[in-house]
J.: 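There's a structure below that I have some questions on.
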Amino acid sequence: MRSEDLFSRAQKLMPGGVSSPVRAIKPYPFYTSHAEGAHITTVDGATLVDCCMAYGPLLLGHAHPEIKKAIVAQLEKGWLYGTPTPYEPEYARLITGDHPGMDMIRFVSSGSEATMAAIRLARGFTGKSDIVKIEGGFHGAHDAVLVKAGSGATTMGVPDSAGVLAALVTHTRQLPYNDPEALETLLTKNTDIAALIIEPVLGNIGPVLPKDGYLKDIREITKAHDILLIFDEVITGYRLGIGGAQAKFGVRPDLTTLGKIIGGGLPIGAFCGRREIMQLVAPSGPVYQAGTFSGNPLSLTAGIATIRWLHDHPAIYAELEEKTRIIEESLTGNGKTDGSFVRIGSMFKYFFRVDAPQNYTEVKECDTAAFTRFWQKMLARGIFLTPSQFETNFLSVAHTGKDLEAICGGYAACR
Ligand SMILES: *Cc1c(COP(=O)(O)O)cnc(C)c1O
């Protein structure tokens, strides 16, 4: 069956025809038959250069042989036990070893679950009620973080989704990114705040990059006001390097949430942090958290294979950075100045806004109609970019020189 027919069947059975909203590409999404390396093949017979990479997890590309080997070996032994496995202390040691100051970790099944638990933990640890998040920051699809800003920058949030209680999200405050003064002002006026949760690089509207010193500033401000700093590194963890954004920018948060890459392409999440905080998690402490699939052996073995591979190939980070530099270079010089190219490591995006956006307000100024026309032309050329102006593109170690040429050629022809 072709994509168009599959989608019309799915729409009758599933809300919007999809399992997650971003996939509902108009007029209909392509359905994937299989994928390998940097390429995805559709049921309609097209093979595309994939720059979406499942929205971040596939740093090593599709169907990486070593991850596959680890998964297949585990499959032979069963795939869920409901008991501890030797993978857990092994992986816990690996990840905490890569993140100085993160002494203990809890494995969960998704990034959303990780941020939900980290927020609960921050409240449990501090005994305070409110959290601060950054406008345009995405931390998964649970109530406390499905909030958009009110009219003023430091106002209480209003729900971003039907079904989320307004009373609940009054405990979530929003601040603009790249604005340490706004944080200082908010924390000076309010004493009921448990934590700031932030994507160190805004990955779900961009990438939007931190200004020089911003992350260090918010570390100092949160420390001075005695609130916890939670880095949501579900995208940036192992994406920006071993140790993620906290290593790259030299900032040590109190808690870190991880997901995506650490599952090697299988479902996972994790939160980690200082021992005195993490010890409050059940069963060693009073902050409850539990899950049937937590720490499941398939996700863990796939994750361990991924992280071990990265440890063995540390040069890939510089190589990936060089690849996005090449894409950027191919964009300059053809005389067009309708947008800005932003990149960090293997994350990149062309914004249809002349100056690179610094925060959510500026991202919203992008010409989304121009983006959609561009995106469709790229797809017709066989390049699958993330289908929204507000989603980051990702390169993987599987993207070859030839793939890069195709991407660069696409940008030159389609903008
Ligand atoms: C994807 C993402 C999440 C949610 O992770 P899921 O596994 O989709 O639940 C949370 N935070 C950030 C920064 C993300 O990019």
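Side-chain atoms are counted along with the backbone in the values below, which use heavy atoms only and exclude waters and symmetry mates. Order of listing sets the numbers, starting from 1, for every ligand and every atom in it.
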J.: Does the plane of the ring in His313 sit parallel, tilted or perpendicular to the ring in Trp309? Use 30° and 60° as the thresholds.
T.: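 If you compare the ring of His313 with that of Trp309, the planes turn out parallel.
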
J.: Which protein residues have a heavy atom under 4.0 Å from ligand 1?
T.: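 If the criterion is a heavy atom under 4.0 Å, then ligand 1 touches Ser110, Gly111, Ser112, Phe138, His139, Gly140, Glu199, Asn204, Asp232, Val234, Ile235, Lys260.
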
J.: Relative to Tyr214, does Lys216 satisfy both conditions: NZ or CZ under 6.0 angstrom from the six-membered ring centre, and within 45 degrees of the ring's axis?
T.: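 Not satisfied by the 6.0 Å and 45° rule.
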
J.: Give the intermediate values and the outcome of side chain to side chain donor-acceptor pair (under 3.5 Å) for residues Thr236 and Glu233.
T.: CA-CA 5 Å; Thr236 51; Glu233 298 227 40; 2.7 Å; yes

J.: So Asn204 and Phe390, do their side chains get closer than 4.5 Å, heavy atoms only?
T.: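 Of all side-chain heavy-atom pairs linking Asn204 with Phe390, none is under 4.5 Å.
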
J.: Looking at side-chain heavy atoms only, is the closest gap between His171 and Asp192 below 4.5 Å?
T.: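 No, their side chains stay 4.5 Å or more apart.
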
J.: Can you confirm whether Lys69 is buried at NZ, in the sense that more than 12 heavy atoms of other residues, nucleotides or ligands lie under 6.0 Å from that atom?
T.: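 Open: at most 12 neighbouring heavy atoms sit under 6.0 Å from NZ of Lys69.
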
